[in-house]
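We count ligands from 1, going down the list as the structure has it; atoms in each ligand are counted the same way. We number each residue from 1, following the sequence as shown.
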Amino acid sequence: MTTSSLLEEATSISKQFDISKDQLVGISEEFIRLTDLGLKSDGMPMTMIPSYVTGVPNGTEKGTFLAVDLGGTNFRVCSIHLNGDGTFDLLQTKSVIPRSLMVGTAKELFSFLAKKVDEFIRTHLEEKFNEELGHPVNEHIYKLGFTFSFPVNQTAINRGTLIRWTKGFDVADAVGKDVCLLLQHELDLLKLPVHVAALVNDTVGTLMSRSYSSPGESVTLLGVILGTGTNGAYVESVAAVDKLDNSAAALADKSIMVINTEWGSFDNDMKVLPRTSWDDAVDLETPNPGYQMFEKRVSGMFLGEILRRVLLELHEKGYLFPRSSAPLTTAWSLDTSILSRVEADSTPDLVAVKSIVETDLGLPTTLPERQAVKLIVEGIGKRSALLAGAVIGGILVHLKACQSNPVVDIGVDGSVFEFYPGYEDLMRVALKDVIGEDESKIRIGIAKDGSGVGAALCALVA
Ligand code: ADP
Ligand code: MG
């Protein structure tokens, strides 16, 4: 295979990941349409889950809170002290959830979680704890925010029933139960002075955390996750959420509510999202083909696998790595951090790409092969960032955010955003396509320790 045909092929593949300005605008328009539908009634393609968080912090909040985070592999317990000036101190412990508890009973899982909270309090907050030890349980001294990244049907700030487990969990008797009550019950059995005050999705936590720490007077309107998965939560007016019982007493004096969009499942119908044969192949490898179609083009769990699929095809057609037999055959073996490292290499000989492909894939390369890999990586990474920008732009258009605010602040959490070179710049290209010159009003900041601080803030406003 000649060098030029390899690079021609790679260029043409990379082009398949291009998205035009018109397409981006079409994507944002469809996103806005589904957003509106999701606010009107349940059972719509975009879930648009009300969080029951009805206020956002401004940085002056003070106090000490506990937060726990049950995500995928780890359980984190932390205490957060909010200093009231946009800064905080955070103490944290992390424990791996034993595999057996992920598929056992609710009692086993939640008593394990409570025990970890107990250990944390005894280890890190001992003095204060001793003072309070023995007090009746109703004298709760710590408010706890519970970050729980599984689908729940939330009915109040600290009430939510589990719809289904994901990410390898299968604790059957917890489905349909209120996860806050399950945790509170076990905390009470240990006589811990802790009140589960808020149930928090990680996007909502990110929004709250950024809103607390963002500089100046500006309000943070959007919290975005760009990590293993992708999702967004934003500040909506209560009046716009038709599906809420607006007349409910609890909402009578509330003007805003944070909405968790669950945008990972945007356009599962594939009306506007771009589609390549490699996307389809990756989709079929997942346990939920046809679902989370937006997420499968954007987030860290999938970008490495899309790259593997493309490189594998180039190899099978004889363009790439012809000297190696059966490389790249293991599904999910390329981590998305590889794309970041390839993207970062701007040396003429692509020396970093050389060492990455050699070390991570065990393959020697020629310069044209490295150039081909880089072209494809750039296509996949750029598409991810443009898509993220298009839906963020869609939310801002829906909110008319740039018309009514001099600065529009957005908080983001996740390794893809944090580490992928040039990701924000590419996101801004799409934002500009969707919202025009107002793009310059948008300020984007990383929400460090977002889930812990965000859960604490939700516990505070609860
Ligand atoms: P989580 O989503 O579990 O909260 P992260 O925000 O760290 O965790 O996201 C993890 C995802 O980010 C994984 O899919 C991983 O492949 C990807 N990732 C990790 N490091 C990088 C990096 N340097 N560049 C791009 N993606 C990365
Ligand atoms: Mg995260």
Side-chain angles (χ1 to χ4, degrees), residues 67-76 78 90 92 94-97 102 145-150 166-169 200-210 223-233 260 262-264 282 285-286 292 294-309 330-345 352-353 355-356 359-361 373-374 376-385 387-388 411-427 444-455:
V68 298
D69 183 345
L70 183 67
T73 22
N74 293 305
F75 181 64
R76 281 182 300 183
C78 49
L90 181 133
Q92 173 168 273
K94 214 160 93 170
S95 28
V96 176
I97 315 267
M102 292 166 67
F146 185 11
T147 302
F148 186 77
S149 316
F150 301 91
T166 57
K167 296 179 275 194
F169 278 77
V200 187
N201 181 275
D202 57 356
T203 54
V204 179
T206 297
L207 168 57
M208 299 294 274
S209 159
R210 174 67 189 171
V224 175
I225 299 288
L226 286 159
T228 309
T230 182
N231 190 9
N260 165 17
E262 290 292 335
W263 73 35
V282 170
E285 278 168 359
T286 63
Q292 300 295 101
F294 180 75
E295 183 165 80
K296 285 173 183 170
R297 282 147 178 76
V298 174
S299 77
M301 182 157 180
F302 303 98
L303 301 186
E305 181 61 5
I306 297 172
L307 174 64
R308 185 189 71 86
R309 281 278 171 183
T330 310
W332 309 106
S333 57
L334 294 198
D335 192 272
T336 294
S337 58
I338 290 178
L339 281 85
S340 284
R341 286 150 64 210
V342 167
E343 183 89 52
D345 185 358
V353 178
S355 100
I356 292 162
T359 321
D360 291 59
L361 313 182
V373 170
K374 184 141 200 258
I376 292 157
V377 162
E378 285 166 353
I380 296 170
K382 181 177 179 186
R383 189 183 68 167
S384 159
L387 288 172
V412 189
D413 185 22
S415 293
V416 172
F417 179 82
E418 193 171 353
F419 301 119
Y420 198 96
Y423 201 88
E424 177 177 342
D425 291 341
L426 287 168
M427 240 167 66
I444 304 176
I446 291 190
K448 271 276 170 217
D449 298 311
S451 87
V453 177

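Residues Tyr423 and Ser340 have side chains that never bring a donor and an acceptor to within less than 3.5 angstrom of each other.
Protein residues having a heavy atom under 4.0 Å from any atom of ligand 1 are Gly227, Thr228, Gly300, Met301, Asp335, Thr336, Ser337, Ser340, Gly414, Ser415, Val416, Phe419, listed by chain and number.
Looking at every heavy atom in both residues, Thr203 comes nearest to Ala233 through OG1-CB, 3.4 Å.
Ala331 is linked by a side chain to side chain contact (heavy atoms under 4.5 Å, CB included) to Glu285, Glu305, Arg308, counting only residues two or more places apart in sequence or in another chain. Remark: Phe148 pairs with Phe146, Phe150, Trp165 by the ring-ring contact (aromatic ring centres under 6.0 Å, His included) rule, at least two apart or across chains. By the side chain to side chain contact (heavy atoms under 4.5 Å, CB included) test, Asp335 is found to be paired with Ser337, residues two or more places apart in sequence or in another chain being considered.
For Lys374, the NZ atom counts as densely surrounded, since its 6.0 Å shell holds more than 12 non-hydrogen atoms of other residues, nucleotides or ligands.
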